[in-house]
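Report on the structure given below.
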Amino acid sequence: MTDITALTGLFTALGADDAEGWADSEAEENIPQLARYRFLRMVWQDIDGWSTAAPDWVEAYRKDGLAGGAVERALALGLTPADLGEIAREVAKETAFGLLYGLADPADGDLPPEVEQKLPGWCLAELTPQGEPTGRILDALYEDLDEVEPQGPAGGVR
């Protein structure tokens, strides 16, 4: 898709702060920015869920969960569900960054180079709305994770 007006409209519908900039980048550089933005938006919805839904998950963990004891101890020390939500959101953000980085560069340095060279890698690829591969890869998503971070009330506990 190279219609900048249509692309800008889609980025706007997804909530992009700089919809025109993302659309221009896709059109001019042939980078699958709409697919990248959509994927990272989904990642942030999951990350933000840890803070926005903190009262719910804190209560659920208190009743039944492997971390129930830790949650109880944290609450007993005076932390609030919002405090725990902020911590959980940051852990989720760091985990997402690590996964995105690993998607781009699976070699973590703990294996000898001769073994690493024989291992398969992976990629995340763009599809058309009809599910057909476009041939464009969503690479180095970790680079844009912070840029897509929501900045409003749903952007986590501030």
Side-chain angles (χ1 to χ4, degrees), residues 1-61 67 79-111 113 115-158:
M1 173 182 284
T2 57
D3 180 354
I4 292 181
T5 302
L7 272 173
T8 302
L10 290 170
F11 279 109
T12 300
L14 289 173
D17 288 336
D18 182 16
E20 191 171 316
W22 284 92
D24 286 343
S25 174
E26 175 147 347
E28 293 172 13
E29 302 170 59
N30 195 32
I31 298 172
Q33 297 290 32
L34 187 60
R36 291 173 61 83
Y37 189 91
R38 183 179 185 198
F39 184 83
L40 291 171
R41 178 179 179 266
M42 178 193 65
V43 170
W44 272 110
Q45 287 171 334
D46 190 62
I47 292 169
D48 275 345
W50 285 100
S51 60
T52 58
D56 297 330
W57 69 256
V58 166
E59 189 58 32
Y61 278 41
L79 273 75
T80 66
D83 294 332
L84 294 173
E86 283 185 55
I87 294 167
R89 182 182 188 272
E90 284 304 306
V91 170
K93 179 181 173 183
E94 293 299 321
T95 300
F97 182 88
L99 288 169
L100 295 173
Y101 192 88
L103 180 63
D105 184 12
D108 59 11
D110 71 338
L111 297 171
V115 173
E116 194 66 56
Q117 294 170 0
K118 296 176 185 174
L119 296 175
W122 43 74
C123 71
L124 184 62
E126 179 188 49
L127 302 175
T128 68
Q130 296 75 32
E132 298 295 323
T134 66
R136 299 192 308 176
I137 304 299
L138 284 68
D139 195 23
L141 288 162
Y142 65 92
E143 292 178 354
D144 287 330
L145 183 64
D146 286 342
E147 188 170 333
V148 178
E149 182 174 4
Q151 299 302 316
V157 179
R158 298 275 189 243

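If you're wondering where the values come from, they're calculated on a predicted model, not measured in any experiment. Below, all heavy atoms of this structure are taken into account, side chains as well, without hydrogens, waters or symmetry copies.
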What verdict does the side chain to side chain contact (heavy atoms under 4.5 Å, CB included) test give for Leu84 and Trp57, after you've listed the backbone C-alpha separation in whole Å, the side-chain angles of each residue and the deciding distance to 0.1 Å?
CA-CA 10 Å; Leu84 294 173; Trp57 69 256; 4.0 Å; yes
Check against salt bridge (Lys or Arg N to Asp or Glu O under 4.0 Å), Arg36 and Glu147
CA-CA 11 Å; Arg36 291 173 61 83; Glu147 188 170 333; over 6 Å; no
Kindly indicate, with the supporting measurements, whether the criterion side chain to side chain contact (heavy atoms under 4.5 Å, CB included) is fulfilled by Asp24 and Gln33.
CA-CA 9 Å; Asp24 286 343; Gln33 297 290 32; over 6 Å; no
Write down the atom of Gly121, the atom of Pro106, and the distance for their closest heavy-atom approach.
CA-CG, 4.4 Å
Within a radius of less than 6.0 Å around OH of Tyr142, do more than 12 heavy atoms belonging to other residues, nucleotides or ligands occur?
yes
Working to the nearest 0.5 angstrom, can you tell me the gap between Trp50 CH2 and Ile87 CD1?
12.5 Å
Evaluate Trp22 against Val148 for side chain to side chain contact (heavy atoms under 4.5 Å, CB included), listing each step before the verdict.
CA-CA 11 Å; Trp22 284 92; Val148 178; 3.8 Å; yes
Whether over 12 other heavy atoms sit under 6.0 Å from Gln45 CD
yes
Tell me, with the steps shown, if Leu14 and Leu10 meet side chain to side chain contact (heavy atoms under 4.5 Å, CB included).
CA-CA 6 Å; Leu14 289 173; Leu10 290 170; 5.6 Å; no
Are the charged groups of Arg89 and Glu149 less than 4.0 angstrom apart, N to O?
yes
Can you tell me how far CG of Asp144 sits from CG of Leu100, rounded to the nearest 0.5 angstrom?
10.0 Å
Between Leu141 and Phe39 the two heavy atoms that sit nearest each other are CD1-CD2, 3.8 Å
CE (Met42) and CD1 (Ile47) are apart, to the nearest 0.5 Å, by 10.0 Å
Closest approach of Leu138 to Ala125 (non-hydrogen atoms, all atoms of both residues)
CD1-C, 3.8 Å
